[in-house]
Structure formats: structure tokens, C-alpha cells
Amino acid sequence: MATGVDISPREAEVLELVGAHLSNAEIAARLCISVRTVESHVSSLLRKLEVQDRRALARRAPEPAGAAPSRPAPVLPAPLTSFVGRASERAALAEMIKAHRQVTAVGPGGVGKTRLALAVAAEAAGEHPDGVWFADLVPVTDPDMIATAVAGALGLGEQPGRDMTESVVAALTDRHALLVLDNCEHVVHGAALLIERLLARCPRLTVLATSRARLMVPFERVYAVPPLSLTVDGESDAVALFLDRAAAVGSPLAPPLRDQVVSICERLDGMALAIELAAARYPTLGLDGITAALSHPLRMLTGGSRADERHRSVRAALDWSHALLEPADRALLRRVSVFAAPFTAAAAAEVTGSEAGLVADGLARLAEQSLLTVAASPGGTEYRVLETIRQYATERLAEAGELVDARSRHLRWCLAEAAGLATVRQDWRARFDLVADDLRAALTWAADRPEQRADAFELARHLAELAFTRNLAGESQRRYEQAAELAADPAVAASMLRQAAAVAGCRTTGDDMYRLRLAAADAARTSGDTSGDTAGAAADLATAATIAFRFSTTFVRLPPREEALALVTEARELAGGDPAARAAVALAEAAVLSDAFGAVQGPPGNAVPETIARAERAVELARRTGDPLAESAALDALTGARCWAGDAFATAATARRRITLLTSLPISPAGTHELIDALGMAAEAGLGAGDVPGARRWARQLAAHPSLVEVGHRAACRLLMVDALAGDVDAVLTGSARFLDAWRRAGSPARSILSPAAAAVAMIHGLRDDHDARREWHEVLEQLGSSPEHTYGYGAVFDAILLLHQGRAAEALERTAPEPGQVWKWVTWIWHHWYVALHTEAAVLAGSPVARDRLAEARTVVAGNPVAGAIVDRAGALLDGDQEALLATADAFDAAGCRYQSARTLVLAGGGHAERGAAALAALGLTPMAPVPLDVP
């Protein structure tokens, strides 16, 4: 690491973990800080150490004194007991994962697959410099949730617009890493699909899976995990395990007893779980008692077709351990088997319907017999049933005729937990994470049982709401759709589908928003006693048409205008006199007929007066409904319409009205989607009106929104535009590092909405004379994509600023040559005043013969805009040679919050003022301006 660089202690910690190839989420968890704070530290480090990306930053991380190059610590669960023996197996499996990219360790339950995989993974950490990760699939009951479990192991959150599988693939794409997927047997198909995608797109990733059966994926190499050795060169791993576990419970065995132990291990066929269970009984039964118990023929599995001989011995050990329990403890074990995840004694008491004190005592006894594992957590002591034992206990539960009752109790407990989470204020995330797998498991069971349909619906609805709050938007959308399928009333189903559509909006998946609104319309038609909810269906159809235009850039397959027109026609016929339906139809007409949102498929020559009229009518009808969300959507149309008209101040005021409407609303998918959009529009419209402080305020609120924590490129894009135009270079460098890191982690999506931010950063690097960085950002800009209309808006503005800084006024004039009417929508969006003002200054500095005429026109256009007005006034002062007026514009720029333009004005003023201006530019981190001809007319 470079010396003399001022790095704070916290930044040093972050740098060390970046060097260990941890993600931002992992660093946040390790240091107990927010992901946003980590991003800020990473951005600061990129700037201070003058490196361009995270990989270069990782290379600057310090190495421990006298140590080998640092490697990320393997993210593996800490074993509660020591690992015994298996030297040859460890070596063989280790060699296999060196030679092959996908290895499956197969074997019956209880043979020791998980412990062997963990031991090998820990030893292999040095061979995988980018990390070793462990994902336990036991709690996963839905194959669609496998990627979520893996993402949790990697420390990833969900990124709107991408499913969890894509997030996992993106996170592992360039990592030389090892991923352990444990207990795949109950989700073999889903695990196989995920592994295939990972292996295809992550060329340096190795996957080690454990399963009772092969996964049947390409390139799979199978390692059959054998039982523990009974005799190898006079040694026995099975005996060593028994002796170790017996000593661990305070009863070490004397050497003369070894032969008896050998006999017991042989009876158990060297099965690790069976041996551990037997050793746990040694203090109370002794070796004679264990031998006698294992000899009982009734405790052996009958019906050999159900399992091979090795599995028979595990079941024998489980039968034996189960038979030795007191009846109350047997009942407790089988009833707690319904838990999919670790549980507390209090939870067990509720689900089993027993007194809390008795349950706590029983759980302790079960743990003493190695039938439960115990771990401390912030929420108290947690218990877990090992998977093999849980499956055995569940079979016992069914044999006792208690399965439905126990699962029903578990379902009711899950419903109560889900409802209670709505009122939790402290440690909410930890509370949710503790019970989430159980909520999912209970829902999976209940959803297939007609008699549980009502409870399944309630749980699906609760889980949808909770997942949304947890920023698991993909799961939230699926759960709302599941709730719609489970709803007994079509009207309720329609409501759930509308919520799902709103979540899809937060995920920026326009296709799903459109599909779900159409599905809601179908459900609404079938609700009610006779003809259904035609007004609700009308609103849904109209909203779907609006979505196709308002959010056109979020679609993969964009509905054609003709399709949207048909929806508007049908919605108009169904709306009748219902206020909400009429408001929705009016908004759809503004969107589709007059293209108030400037959609990709909109008519290019729509008339501004008609657009404004339709948008104003939509606002008025929405206001009458009393629905702030409907009014906000209509105001968004009016924002666009007024912007097309070139009225920047009315545009900004309309955008601010949306914020006022939305900020006091409770959190909901629809409210969140609307607020995020409103903050972005308010920031842009404020910038268009020259309100830099206001634009920065809205942009900062957007960047800090919790739902955007995993998508830093979306969060930071508006703020980058504001900071670049304000000349806040340090903020741009910090924010651009966050943007670039998040965008690359997201798979570098081609989203043209991000293009203005990339162009802004490229301009700042141009002003810094950093050609390599500017070239990199132009490559980003090419990947993001843009249309000519967009290019002549923000592209012309940012290019003109740079060209003027470089003294290339004639080129700046050419760059802004097209009249706004030629490319009106995206020039007259937020860029109109900037475009006109910069064109005017370029005309003056280039000595254009029509400069004075341009100046008079520009003053009329930008009147009232503090920044664009000051640029035009500066051009006028230069044209007139008025030094006093010129210096007055410097004060105007300072008051407006534009430090760069203020410094530029001083340089243009010449003399001692130019020296002060050059110093101000240097303080901002920018290169000196090119000389300006002294004979400017």
C-alpha cells in the first residue's frame, strides 16, 4: 500500500477485507456496518489510492507481516465436535475437486458426507484464492429458493430487475472459488439446474455437492463416501470416533474395552451417525447395555427393499436411540421435526402444545443424546434436528398419526410469527431470518392441502409482505402470485396480483408488471355475484396500457402501440362511471394517445397542447378518487407533458408535488415503486430548472433508499448527474466507483436510463485530463446504449461543457447545432435550458455572427433559471466586454451551488481573477482551462 495516504482505521479494515475478496455485503456483516457505508469506504479507497476498480484495490491490500499472501477465510460453519480420521477419504476427495469442476459426494444418511465435505473444503481454501462458501439446502423446501439460499451464503441481497440465480452467477463469474452445496437430495432437479448455470458461466468455480443420489449434471464426478474404516493397519476410524465422542461426554474408555468397541462399530457398519449416537449413550448404558440394545431384532429395519445395508444400520441405531427415550421425549423429538430451521425452546413449546419448562428440559435431554445440536445465538439458545434424524422423526410422526396435527400447529405458529413480525421494531431482520425457512416450509405443506387453503393464503400474503420489507423482492412477487392462486375470492386474487405487479415495478421488470395487471383484470372480471368487478378490470387494463408506455425502458418484449390502444378501448367500455376506473383510463389515454411519458413506441410528432390537456385531465380525475398513488402517477404524466412544452419550472413544481403526496404514506410495494420514481423525477426536474441544491437533496434521498442498497448503479445515477454539473469532483469520483462496482456486479446490464450518469462521469474525467478513465467510461456508455434523442440531450450538454473548457468553442457550437425542435422530447426534457445556455456561450466564444441574436433568444428561454441564466449572462458580459457583469455571474454560480462554473467565470475574467479561478479549478481536482481569445466580440 502506498505510504503517505491518509486512510482511516475503518477504511483499513475494509481494504483488508476487499483484499480477501469479500463482497460489500460480506464486509458489512463482518464489521457490523451497513452495505451503504461499505460502498462509501470502498469508493473513498478507490479515490485515495488512485485505482480504477475493485480488483486493483484488492491488490493494494496489505499483507500480514511475515505471512504468505492473504487468502479469504473459508465461509464454513464451525464444527461443534472434532473431525476424526478419514485421512484417505480426505485425500481422495481433495484430489477429485482439484481435477474436476463438479464433484458430488454421495452416500446414505448418516455416513458422514457433510463432515467430510467441510473438512475437505477447509483444507482446499488455499487452492481457491477468491473464497470457499457453504450453503446448507436442508431448509429449502422450494426448488426456486435454492439460489436464494446460495445468495445468503455469499452475503448477497436481491438486485431489482434480476433473479437470485443471476445475482449468484454475477457474483461468482470471475471468482476462483469453491462452493459447497450440502444436502441436495430433496431438491435434486433444482440443484442440478443451478449447478449447470454456474459451471457454464463461472469458469473458475468448483462445486462440491453432497447428496444421497447423483445429481446427473454434465461433468459430474461422483465420490461414494464409504463408512468409517473398521480396521486399517491395525487402526480403526470408527473406533477412534467412538472413543473421541465417549471422552467428550466425560466417559473415556480404558484400553481393555477396545475390543467391545470394535464389536459395536462393526454391528453399526462404521456409520458415523450411528456410532455417535451409540457413544452418546455410553455414560448411561455402558458397552454391555449398548451391545444388548443393538442385538434386539425388533430394532432392525424390516423390508430391505427400502434401503441398502448401510442405511439399515443407521435406522437400527435410530430405532435403538428412539426406543431408549422416555415416551415424553420420543413425542417431543418427533413433534419438533416439523421445524425446518433452528428453533428455540419457546417455539417448540408452542408447536408441541406443551409446558415451556418441560419442553426445555426435554430438549436438553435430547441434546445430551446427540439427537439435537445446540448453539447460542443473539436471540437465545437454538436447537436443530440433524437432517437424518429429522427425517426419521418425521416418519415416526406419521406412524403415530400425528403428522397433520403437528404440521397444523406449526402452520399456526408460523402465522402468528409472521403477523407478529409486522409489529417488531428492533432486530427485525434477524427475527425474520430466524423464522423465514419455517414460514416457507409451512406454506409448502399447506398449499397442497385443500383444508388448509385459507391459512395457506394468509401465510403466503404475510410472507409476501415480509419478503418485500426484507428486500427480497423476487420472492415477494412470487408469494403475492401464490397468494392469488390460493385466494378463495377472485376479488382478493386480483388485489394480490396488483401487489405482485407493484413489486415487479420495484424490480424494474416491465414485462411482469404488464402480465400481472392483465391477470388482475381477468380475476376482477370473475369476481362478484354476477358480471364481476368490471370497474376494477377496466382500471387494470388501463394501467397495463399505461405501464407499457410509462415504463417502456424496463421491458424485454415491449407491447406494440396497437396492443396498448386495444386495452385502452376495452377499459373505456368497461369503466362506466366508476371514478377510479375513469381516472385510470384518462391516464392511459395521456400515455398511449399523446405519449406523455416519451415512450420508445410513442408517436414522434404528438402535439404538446393535447399532451398537457390529457395529462391535466388525468390529474384532476385521480385527485377526485382520493388515492395519492393514482394522483402521483397522473402527475408523472403531467411532469413529462410540461417538460415537452419547455416549462422547466412547472415541471419541477409538478415533480415536487409527487414527493409531498408520497412521503407520508405507509411502506408498500406500490408506494415504494412510486416514491423511487418520484425521487428520480424530482431530482432531474430540479436540475432542469437550475435548482441544484434541491436536485441534490432528492438525489441523495434516492441514493439512500433501502430498496436500492443492492443496486448502487441505480441508486447513484441521478446524484452523479447533479454532482457533475455542480462541479463536485470528489463526490463524482466516489459515487462513480460505487456505480461501476455495483453495475459490474449486476452483470453490466444495458440500461439506457443509466447513460446520463456515465456521460457525466466521462465529462468529469475529461475535465481532469484523465484520458484512460474517460475512455473507460465511454466504453461503459456504449454498453449501456442510448438513442440519438438522448444523445442530443445529455450527450450534447456534457460534451459542450468539456469542449468549452478545452477552448474548442467552434466544436461546442457544432455539438449543440440541432435546434430543440428537431429532437424536442429529450432535449426539452431536463436538458433544454442547459442546451440553450451552452449553445449561446459557444456561439459567443466562437465568434458566431448571430451570437447576439442567440443571446436575446436564450435570455427569454432561461429566464428564472439561476444556473442557465448565469451562463447566458456570462456570455452576454463576454460579448459586451462588461467585466463587472462578468464577475457578478461568478457570485451567481456560487449562490446556485455550481463551483465549477464559478471558477470558470474567474478564469474568463482574466488578470488576477484568472489566477484565483485557476486555483479554484485545481482545488476541485481539474486541469487548467485552455486560453480564451482576448478578442471575443
Side-chain angles (χ1 to χ4, degrees), residues 142 144-145 147-148 158-166 418 422 436 439-440 443-444 446-447 453-454 456-527 532-533 536-548 550-551 554-557 559 567 580 584 627 629-630 633 665-677 707:
D142 181 351
D144 291 336
M145 296 299 294
T148 300
E158 183 169 331
Q159 297 184 351
R162 302 171 62 203
D163 62 23
M164 278 297 199
T165 298
E166 286 300 315
L439 302 186
R440 294 162 181 147
L443 178 57
T444 298
R453 187 185 182 99
F457 163 77
E458 285 297 324
L459 186 54
R461 180 178 63 82
H462 279 308
L463 191 50
E465 295 167 354
L466 295 169
F468 183 79
T469 304
R470 183 60 174 80
N471 290 329
L472 298 173
E475 180 178 4
S476 177
Q477 179 183 324
R478 290 197 300 274
R479 298 307 180 188
Y480 274 123
E481 293 188 55
Q482 187 177 17
E485 294 173 359
L486 292 166
D489 183 350
V492 176
S495 175
M496 294 295 100
L497 290 167
R498 291 165 192 144
Q499 293 280 53
V503 178
C506 296
R507 300 178 63 221
T508 65
T509 52
D511 303 78
D512 279 357
M513 293 175 69
Y514 186 77
R515 168 182 64 82
L516 290 164
R517 273 292 186 167
L518 294 181
D522 289 340
R525 285 190 183 97
T526 61
S527 65
D533 178 13
D540 289 320
L541 293 171
T543 301
T546 299
I547 286 168
R550 186 182 179 195
F551 303 108
T554 68
F555 278 75
V556 175
R557 180 259 176 199
L567 292 177
D627 180 359
L629 297 178
L665 294 181
I667 296 175
S668 70
T672 297
H673 183 214
E674 198 67 34
L675 180 60
I676 289 173
D677 182 74
S707 67

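Treat the numbers as computed from the prediction; the structure is a model and nothing was measured.
The shortest distance between side-chain heavy atoms of H462 and L439 does not fall below 4.5 Å. Between L516 and Q477 there is a side-chain heavy-atom pair separated by less than 4.5 Å. For the pair L443 and R479, the minimum side-chain heavy-atom distance is below 4.5 Å. Proximity of F457 to M496: side-chain heavy atoms (C-beta onward) are separated by under 4.5 Å at one or more points. T508 has its side chain out of reach of F551: every pair of non-hydrogen atoms, C-beta onward, lies at least 4.5 Å apart.
A pairwise comparison of heavy atoms in A521 and A537 identifies O-CB, 3.7 Å as the closest pair. The shortest non-hydrogen separation linking A524 to G536 is CB-C, 4.1 Å. Taking every heavy atom of both residues into account, A473 and R507 meet most closely at CB-CG, 3.5 Å. Scanning all heavy atoms of the two residues, the minimum distance from A584 to T546 falls at O-OG1, 4.4 Å. Heavy atoms only, all atoms of each residue included: R453 and A487 are closest at NH2-O, 3.7 Å. The two residues A493 and A484 have their closest heavy-atom pair at CB-O, 3.5 Å.
The distance from atom CZ of R470 to atom CZ of F468, rounded to the nearest 0.5 Å, is 14.0 Å. Going from atom CZ of R461 over to atom CD of Q499 covers 10.0 Å, rounded to the nearest 0.5 Å. Residue T148 holds its OG1 atom at 4.5 Å from CE of M164, rounded to the nearest 0.5 Å. In this structure, CG on L463 lies 10.0 Å from OH on Y480, to the nearest 0.5 angstrom. L675 contributes atom CG, which lies 8.5 Å from atom CG of L665 (distance to the nearest 0.5 angstrom).
Under the 4.0 Å criterion applied to side-chain N and carboxylate O atoms, D677 and R550 are assigned as salt-bridge partners. By the 4.0 Å N-to-carboxylate-O rule, E475 lies close enough to R440 to be salt-bridged with it.
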Could you walk me through whether T509 and T554 pass the side-chain contact (heavy atoms from CB on, under 4.5 Å) check? CA-CA 6 Å; T509 52; T554 68; over 6 Å; no
Please determine whether salt bridge (Lys or Arg N to Asp or Glu O under 4.0 Å) holds for the pair R478 and E481, giving the CA-CA distance in whole Å, both sets of side-chain angles, and the decisive distance to 0.1 Å. CA-CA 5 Å; R478 290 197 300 274; E481 293 188 55; over 6 Å; no
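Considering only residues two or more places apart in sequence or on other chains, D522 meets the side-chain contact (heavy atoms from CB on, under 4.5 Å) condition with R525. By the side-chain contact (heavy atoms from CB on, under 4.5 Å) test, E166 pairs with R162, D163, R197, R201, sequence neighbours left out.
Counting only residues at least two apart or in different chains, salt bridge (Lys or Arg N to Asp or Glu O under 4.0 Å) contacts with residues 493-502 comprise R498-D540.
A distance-only check finds no donor-acceptor pair linking the side chain of S495 to the backbone of A491 [under 3.5 Å]. Within the 3.5 Å criterion, the main-chain N or O of A464 finds a donor-acceptor partner in the side chain of S476.
Checked options L497, I547, L567; the residue passing with R517 is I547 (criterion: side chain to side chain contact (heavy atoms under 4.5 Å, CB included)).
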